[in-house]
Structure formats: structure tokens, C-alpha cells
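Just so we're clear, the structure is a prediction, and the values are computed from it rather than from any experiment. Excluded from the calculations below are hydrogen atoms, water molecules and symmetry mates; all remaining heavy atoms, backbone and side chain alike, are included.
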Amino acid sequence: MVTPIPTRPAGDPDSVRAALSTLDQPLFVVRCDTGIAVTNDAAQARTAQVLAAVPPCRPESLGDDEFRHDHGVRLAYQAGAMANGISSARMVVSLARSGVLASFGAAGLLPDQVAEALAAIRRDAPGMPFACNLIHSPSEPALEQATVELCLRHEVRCVEASAFVRLTPAVVRYRVAGLSLHGGRVVAANKVIAKVSRAEIAELFLRPAPERMVRELVAEGAVTAEQAELARRVPMADDITAEADSGGHTDRRALVVLIPELVALRDRIQRELGYPRQVRVGAAGGIGTPSAAFAAFALGAAYVVTGSINQASVEASQSDTTKQLLADARSTDCEMAPSADMFEMGAQVQVLKRGTMFAARAKKLYEIYTGHAGIDTIPAAEREALEDRTFRRSLDDIWSDCVGYFRDRDPRQIDRAEHDPKRKMALIFRWYLGLSSAWSIAGEPGRLTDYQVWCGPAMGSFNTWVAGSYLAPVRNRFVADLSTHLMRGAAVTGRVAQLRVAGVRLPAAACTYLPTPLEKGT
């Protein structure tokens with residue numbers, strides 16, 4: 001068992017923890033007159049027998065240097081998008097100012113709302129890097145196209161492409177429209193970070209844009225013939241995020257399986273196509289503690305992505321009620337439920353189950369949808385129960401709301417539903433699935449049991465880690481602090497791992513990084 005140098009009492013874990021946390025200095029484990037001890041002082045270590053040593057390990061050194069350079073950030077860390085603007089402009093600005101890449105949660109918002117947020121970010125974080133979420137919208141392709149239009153207009157240089165099951169003209173246009181040739185080298189001004197959970201989807205982004213789709217974009221005047229030619233020489237994405245067991249859209253994959261699988265796929269395609277620059281693979285899902293972040297880096301992740309934990313931060317666009325639900329969550333308090341945006345396809349999202357009945361009610365809606373041809377074929381007793389307990393209004397009234405909603409958003413949805421009873425039923429059920437998130441964001445007092453809160457197990461592990469610390473209360477969870485502590489803690493965890501490999505047995509209480517208030521400007 002190690003003890004600190006020079007005069008601390010034996011078995012003092014606080015001193016060992018302090019030495020481990022002095023990340024800009026080396027750490028030495030030595031044998032001296034008082035026994036086995038630790039020190040950061042090289043001169044002091046020379047007066048004793050050095051048993052093991054680890055070099056400085058600053059948070060800025062974790063992950064891939066190219067990720068930091070290409071995105072212009074300080075840390076190999078990204079705050080992933082949370083839909084409906086939960087990843088708010090305020091959150092993006094705060095992280096951009098601290099040197100962290102953050103993605104605005106554009107999914108589910110109308111174009112005017114996205115435009116307003118992008119303008120605010122550009123105004124409040126001028127010249128600083130950030131990303132905008134581009135979510136695959138198979139039932140509403142017009143929204144996907146509108147998001148790309150806005151990103152191009154506002155010169156957003158990075159999108160986080162998520163929930164894609166295939167490549168679409170919108171995401172291909174964004175990528176190809178940013179290509180140019182400088183000094184014989186293809187430069188991609190528009191960066192794409194593709195969040196995927198399956199190898200077959202990753203491969204779409206690891207390869208160049210489909211030539212047929214690019215030709216169609218050229219014919220439309222969306223990209224130039226020169227850009228189409230350059231598109232053959234670069235992959236669709238700069239970065240592939242391996243999304244494991246996360247909140248929202250997820251396959252609940254195991255990170256220790258998914259990252260090696262995607263790295264191997266990346267390496268195989270790199271050998272085949274010989275890109276000048278290799279696509280990076282990052283890690284998302286379950287990243288809620290320093291140990292989880294370090295484990296991802298140890299698996300070969302170029303960067304880590306957090307999501308659920310940021311939803312309970314001060315800057316998140318969530319109600320205080322929901323933030324407290326999240327702060328009380330345990331890692332087992334999550335459940336899968338039908339998603340609003342891909343309801344007809346049977347896609348699911350991971351949500352918080354503690355304190356809300358949303359998951360059970362959403363599953364019931366999908367069960368009814370798959371069992372009936374339309375609203376008019378639902379048995380009277382079952383329809384009455386839906387109207388009384390779930391919708392709290394008549395389904396005819398809900399349909400009127402749907403007509404008004406899609407009249408501005410995408411009128412084609414109404415035209416299709418008027419001639420397809422099954423489609424009409426889906427839109428009515430999606431009314432509940434969509435508004436349940438809005439009720440959570442607004443803190444609708446009469447709808448607490450219907451709140452849809454996207455959440456993965458990382459939220460519970462984070463709460464366990466910060467219990468008893470200054471980060472336990474929601475009011476102290478500033479999103480920039482969360483990123484700083486996670487990365488500092490990951491660096492400490494890395495040092496502990498190096499010492500363990502060297503055979504050093506540390507006091508258990510000293511091995512956990514404990515977050516303490518940061519000094520201003522840290």
C-alpha cells in the first residue's frame with residue numbers, strides 16, 4: 001500500500017489522490033525511509049528508490065490530436081445533440097467558449113426555430129466551432145432538407161448526422177457542397193460526424209458519396225461538376241461515432257464490442273481506398289463517469305461524446321421538474337419506447353421510466369397501431385380509454401390539431417393521411433409521442449406522468465459518481481464543468497491504470513476522481 005511523501009501519515013488516500021490529480025507533473029512511486037510512498041517531485045524521487053512512474057497526463061492529451069485540430073477545440077470531447085432544442089443555443093455557446101465541440105439539437109424543430117438558434121450561436125460565439133444535428137427524417141424529408149439549407153446558409157461547418165438508416169440527398173449535398181481543391185489536396189469545408197450503431201450504416205459514411213445521388217445533385221444545380229469529381233476521393237464522414245447504450249435512438253449495443261468492430265471496418269476500408277486522412281472513430285453511449293470515458297479511450301476511441309448527463313445541466317432546455325427527475329435517476333431507470341419520428345417503422349428510443357408512465361402508454365399506442373387498420377376500427381371501449389387516460393381529448397379533436405400542425409410543417413403529410421386510414425392513425429398517435437417531449441421541456445404540471453425524457457444509463461452512473469459532491473444539485477451542473485471534470489477524471493483514471501499494470505497497489509479510496517468546484521477561468 002502506498003503512502004505519500006514526505007511527512008503524511010501512512011494510508012492517507014487524500015494525499016495520494018492529490019498526487020494523482022496533479023496532471024501536469026509526473027508521478028513517482030518510491031521506496032523510502034517511511035515505506036512505499038508517492039510524489040510529484042522528481043528531485044525528491046531521486047533520493048529514494050523509484051518503483052514505478054507515470055508521465056504527465058493532461059486532459060488535452062487524451063484522444064486524437066487530429067480531432068482537436070480539425071474541429072478547432074481543446075478537448076477530444078463532444079456534447080451530442082438532444083432533439084427539440086434540449087441541446088440549446090446557450091449550451092452550445094457555453095461549450096464553444098470553453099473549447100468543446102457541441103451539437104445544437106435541431107431535430108424536431110421548425111426551420112424558423114433552427115434559423116434563430118444558429119444565428120444566436122454565430123452571434124454569441126463568433127468564429128468558434130460548433131455542430132448542428134441533422135437527423136434522418138424518413139417520414140418528413142422536407143425537414144431534413146430544410147436543416148441542410150439552413151446549415152449552408154449560416155455557414156455551419158459541421159453536422160452531427162444521426163439516426164440514418166440510409167444516405168439521403170440532403171446529407172450528401174451538405175458534404176459535397178463543401179468540397180474544394182487546394183494545392184492538389186481535397187478540402188472538406190463541411191465536416192460530417194456520423195453517429196451510428198451498426199457496421200452497415202457506418203460503411204455508408206466510410207465510403208465516398210454514392211455517384212448516382214451526386215449526379216442527381218449536379219443536375220439540380222445543388223453541387224458543381226468539380227465537386228462531384230472530388231466527392232470520389234473523400235469519405236462521407238470525417239468522424240464516425242460508435243453509439244452504444246444511449247438515450248433516445250439506440251440499439252443498446254455494448255461499447256466494448258461496437259468500437260473494435262467499427263475500428264476494424266474503418267481500417268479495412270482505409271486499406272482498400274487509401275484515403276489521405278483516416279476517418280476517426282469516437283465513442284458515445286454510457287459515457288457518464290471518468291472511468292467510462294477512459295475505457296472508451298483505452299478501446300481506441302478518438303473522442304468521447306456525452307448526451308444524457310448534459311440534459312440535467314443548467315444550460316439544457318429542459319424544465320426544472322425534468323432535470324430533477326434526471327438527477328434522481330439510477331442506471332436501471334431506463335426503458336425502450338416507440339419513437340415519434342419513426343413510429344410506423346417500429347423504431348424505439350430509450351427513455352426515463354422513473355416518475356413517468358410514458359413508456360407504457362407509448363407501447364400501448366404501437367400495439368393498437370399494429371393491430372388495427374385505422375381509428376374507426378378501434379373497439380369503442382379501447383378508444384374511450386385512449387381518449388380519457390392518454391390523449392385526454394377526443395381523437396377527432398387531435399386530428400384537427402394534426403391538420404393545423406402539418407399545414408405549416410409539411411402539407412403532404414395531411415394529403416397522404418386523408419387517403420390512408422392507417423397513416424391517419426399514425427399521425428394521431430404521433431401527436432402524443434411528439435407532445436410528450438414538449439410537455440417535459442415546458443414542465444407541463446398536469447402531464448408529469450406523460451413526460452418523454454430521453455435518457456440512457458449514463459445518467460444514473462453520473463449521479464452515483466457525483467453523489468455528495470458540489471455537482472449533486474442540479475443548480476451546480478454547468479455543462480462546461482461537466483466536460484472538464486469528466487476529462488480530468490479520465491486522465492486520473494488513466495494514471496491509476498498505468499500504475500496497476502506496473503504492479504502498484506493504490507489505496508482504493510484514492511483511485512476515484514472527486515469533482516470539486518473549479519476556479520474561474522479553469
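Inter-residue side-chain proximity for Arg477 and Val466 is flagged as met; some heavy-atom pair is nearer than 4.5 Å. Two residues are said to be in side-chain contact when any heavy atoms from C-beta on lie closer than 4.5 Å; Val93 and Arg123 fail this criterion. Using a 4.5 Å heavy-atom threshold, the side chains of Asp64 and Tyr303 count as separate. Between Gln350 and Cys455, every side-chain heavy-atom pair lies at or beyond the 4.5 Å cut-off. No side-chain heavy atom of Phe462 sits less than 4.5 Å from a side-chain heavy atom of Ser308. In this structure the side chain of Leu217 never reaches within 4.5 angstrom of the side chain of Gln227, judged on heavy atoms. The side-chain heavy atoms of Leu150 and Pro111, taken from C-beta on, include a pair separated by under 4.5 Å.
The aromatic rings of Phe67 and His71 sit tilted, their planes meeting at an angle between 30° and 60°. Between His136 and Phe164, the ring-plane angle classifies as parallel under the 30° and 60° cut-offs.
Atom-to-atom distance recorded for Tyr513:OH and Ser469:OG is 10.0 Å, nearest 0.5 angstrom. Taken from CG in Leu181 to CD in Glu229, the straight-line distance is 10.5 Å, to the nearest 0.5 Å. Note that OG of Ser331 is 11.5 Å distant from CE of Met459, once rounded to the nearest 0.5 Å. Taken from CG in Leu273 to CZ in Arg232, the straight-line distance is 13.5 Å, to the nearest 0.5 Å. Taken from CD1 in Ile135 to NZ in Lys195, the straight-line distance is 9.0 Å, to the nearest 0.5 Å. The CD1 atom of Ile86 lies 4.0 Å from the CD atom of Gln318; values are rounded to the nearest 0.5 Å.
You'll find the ring centres of His485 and Tyr470 inside the 6.0 Å limit.
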Just do the salt bridge (charged side-chain N to carboxylate O under 4.0 Å, His left out) check on Arg198 and Asp251 with the steps written out, would you?
CA-CA 8 Å; Arg198 299 186 181 190; Asp251 283 335; 2.8 Å; yes
Check the pair Asn133, Ser162 against side-chain hydrogen bond (donor to acceptor under 3.5 Å, both in side chains), reporting the backbone distance first and the verdict last.
CA-CA 7 Å; Asn133 185 215; Ser162 59; 3.0 Å; yes
Salt bridge (charged side-chain N to carboxylate O under 4.0 Å, His left out) between Glu261 and Arg253: does it pass, once the steps are laid out?
CA-CA 11 Å; Glu261 181 181 16; Arg253 298 286 304 279; 2.7 Å; yes
Step by step, would you call Ser437 with Asn84 a side-chain hydrogen bond (donor to acceptor under 3.5 Å, both in side chains)?
CA-CA 8 Å; Ser437 173; Asn84 291 344; 2.9 Å; yes
Tell me, with the steps shown, if Glu144 and Thr168 meet side-chain hydrogen bond (donor to acceptor under 3.5 Å, both in side chains).
CA-CA 9 Å; Glu144 193 178 319; Thr168 64; 2.3 Å; yes
Check against side-chain hydrogen bond (donor to acceptor under 3.5 Å, both in side chains), Asn190 and Arg157:
CA-CA 5 Å; Asn190 296 341; Arg157 293 307 183 191; 2.8 Å; yes
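Remark: the Thr39 side chain and the Gln44 side chain contain an N/O donor-acceptor pair separated by less than 3.5 Å. With hydrogens and angles left out, the side-chain atoms of Asp239 and Gln78 include no donor and acceptor closer than 3.5 Å.
In summary, of the residues considered (Glu149, Glu216, Gln145), a side-chain hydrogen bond (donor to acceptor under 3.5 Å, both in side chains) with Arg173 occurs for Glu149 alone.
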